[in-house]
Amino acid sequence: MVNTQRLYLMCIRNTLDAAMCLQNFPCQEVERHNKPEVELKTSSELLLNPVLICRNEAEKCLIETSINSLRISIKVKQADELENILTKKFLRFLSMRAEAFQVLRRKPVQGYDISFLITNYHCEDMQKHKLIDFIVQFMEDIDKEISELKLSVNTRGRLVATEFLKQFM
Amino acid sequence: MAEREGVVEADNTEAIISRIEHKTRKIESLLKQSKPVEALKTALEGSPPKTKDERCKSANWIVVHRAMMAIKDVDGLFSLLDPEYYDILMKYLYRGLATGDRPTCDQCLRIHEKLTERAGLGCILRSLADTVNTV
């Protein structure tokens, strides 16, 4: 099982390595504007084929590239209702603070849990392989965080219930 | 003029689908002889790149999928497969990864890692950038 995760992350890393070929490209329609083409999708000649990498039915990653920007959307594994709620709340917490992350998108793409938007400006300021390392590390850590959160919620719930029910003994 | 082209397209579609069925029979026999690499090679060559017809693409994908799932030894695959097939194999791998079906994705991820080691990032980029010949 760990092996599939390693292969999945390796595949994503290789695809990102190939897809992160971004350059500055001012908007073709409006002068003096510079927009991330992957978000607008107005001209098909500026877009590459979107790629969907699934590990299984629950986890997948959509990578869409264009000439000056790259969008990565991730769906995290959610085994039950509790993990569903925890994932949603935790990732919403992160997305609201997207300014601090710079490459994070404020709202995830429809059907996914979290999205990243990397533009050519990010590639100019930051090193490409470090950006890719960040994204892959993020994906690894999310799973650990969610299980830790679940564990702490269950522990707290158990403690509270024990204390509360003691009065009835 | 457009009508003539339309007729040619329809002929091509039928011709392609019959070719794919012919390929399927050949591949089944190769798989019975436990030659999965030859089966994959047969499935990949003659892939109809210029058709826009979804049925041809799906039919060819089913054939390639069958051959891909039968492969057990991924390292051996690359020692026998010619480099000209790497690009088209990469495109089919991404199609396989998009399905979301667990055994298909497992197999595709395994082949993808080894193929990237052999063919490099250029192969991935060619499959991303080629909007004309899609599978």
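Just so you know, these numbers use all the heavy atoms, side chains as well, and skip hydrogens, waters and symmetry mates. Residue numbers start from 1 in every chain, and the chains themselves are labelled A, B, ... in the order their sequence lines are given, proteins ahead of strands. What you see is a predicted model, and the numbers here were worked out from it, not measured in a lab.
Counting heavy-atom pairs closer than 4.5 Å to chain A, the top-ranked of the candidates B:D130, B:T99, B:L128 is B:L128.
For the pair B:H112 and A:M10, the minimum side-chain heavy-atom distance is 4.5 Å or more. A 4.5 Å side-chain heavy-atom check between A:T4 and B:D106 finds at least one atom pair inside the cut-off.
Atom NE2 of A:H129 sits in a crowded spot, with more than 12 heavy atoms from other residues, nucleotides or ligands closer than 6.0 Å. For A:Q110, the CD atom counts as loosely surrounded, since its 6.0 Å shell holds 12 or fewer non-hydrogen atoms of other residues, nucleotides or ligands. More than 12 heavy atoms of other residues, nucleotides or ligands sit less than 6.0 Å from atom CZ of A:R106. Environment of NZ in A:K41: crowded, with over 12 heavy atoms of neighbouring residues, nucleotides or ligands closer than 6.0 Å. For CD of A:E99, the number of neighbouring non-hydrogen atoms (other residues, nucleotides, ligands) closer than 6.0 Å is 12 at most. No more than 12 heavy atoms of other residues, nucleotides or ligands sit less than 6.0 Å from atom CE of A:M96. The 12-atom threshold is not exceeded at NZ of A:K107, counting heavy atoms of other residues, nucleotides or ligands nearer than 6.0 Å.
Hydrophobic cluster membership is shared by B:W61 and B:L109, with clusters built from Ile, Leu, Val, Met, Phe, Trp and Tyr side chains linked at under 4.5 angstrom. Hydrophobic clustering (side-chain heavy atoms under 4.5 Å, transitive across Ile, Leu, Val, Met, Phe, Trp, Tyr) groups B:F78 together with B:Y94. Transitive grouping of hydrophobic side chains (ILVMFWY, heavy atoms separated by less than 4.5 Å) keeps B:I111 and B:M69 in distinct clusters. Linking Ile, Leu, Val, Met, Phe, Trp and Tyr residues whenever their side-chain heavy atoms come within less than 4.5 Å places B:L115 and B:I71 in a single cluster. Under the 4.5 Å side-chain heavy-atom criterion for Ile, Leu, Val, Met, Phe, Trp and Tyr, A:L70 and A:I135 are members of the same hydrophobic cluster.
Contact annotation for B:T131: both backbone and side-chain heavy atoms come within less than 4.5 Å of a heavy atom of chain A. In this structure, no portion of A:L62 lies under 4.5 Å from any heavy atom of chain B. In this structure, the portion of B:S127 lying under 4.5 Å from any heavy atom of chain A is its backbone and not its side chain. Of the two parts of B:R95, neither the backbone nor the side chain holds a non-hydrogen atom closer than 4.5 Å to a non-hydrogen atom of chain A.
Closest approach of A:R55 and B:C105 over heavy atoms only: O-CB, 3.7 Å. Listed here is the closest heavy atom pair of A:E57 and B:R102: OE2-N, 3.5 Å. When all heavy atoms of A:C54 and B:A98 are compared, the closest pair comes out as SG-O, 4.0 Å.
Note: B:L125 CG to A:L48 CG = 7.0 Å, rounded to the nearest 0.5 Å.
Taking non-hydrogen atoms and a 4.5 Å limit, the residue list of residues 12-40 of chain A in contact with chain B, ordered by number, reads A:N14, A:T15, A:D17, A:A18, A:A19, A:C21.
The main-chain N or O of B:A129 is never found under 3.5 Å from a side-chain atom of A:N49 such that the two would form a donor-acceptor pair.
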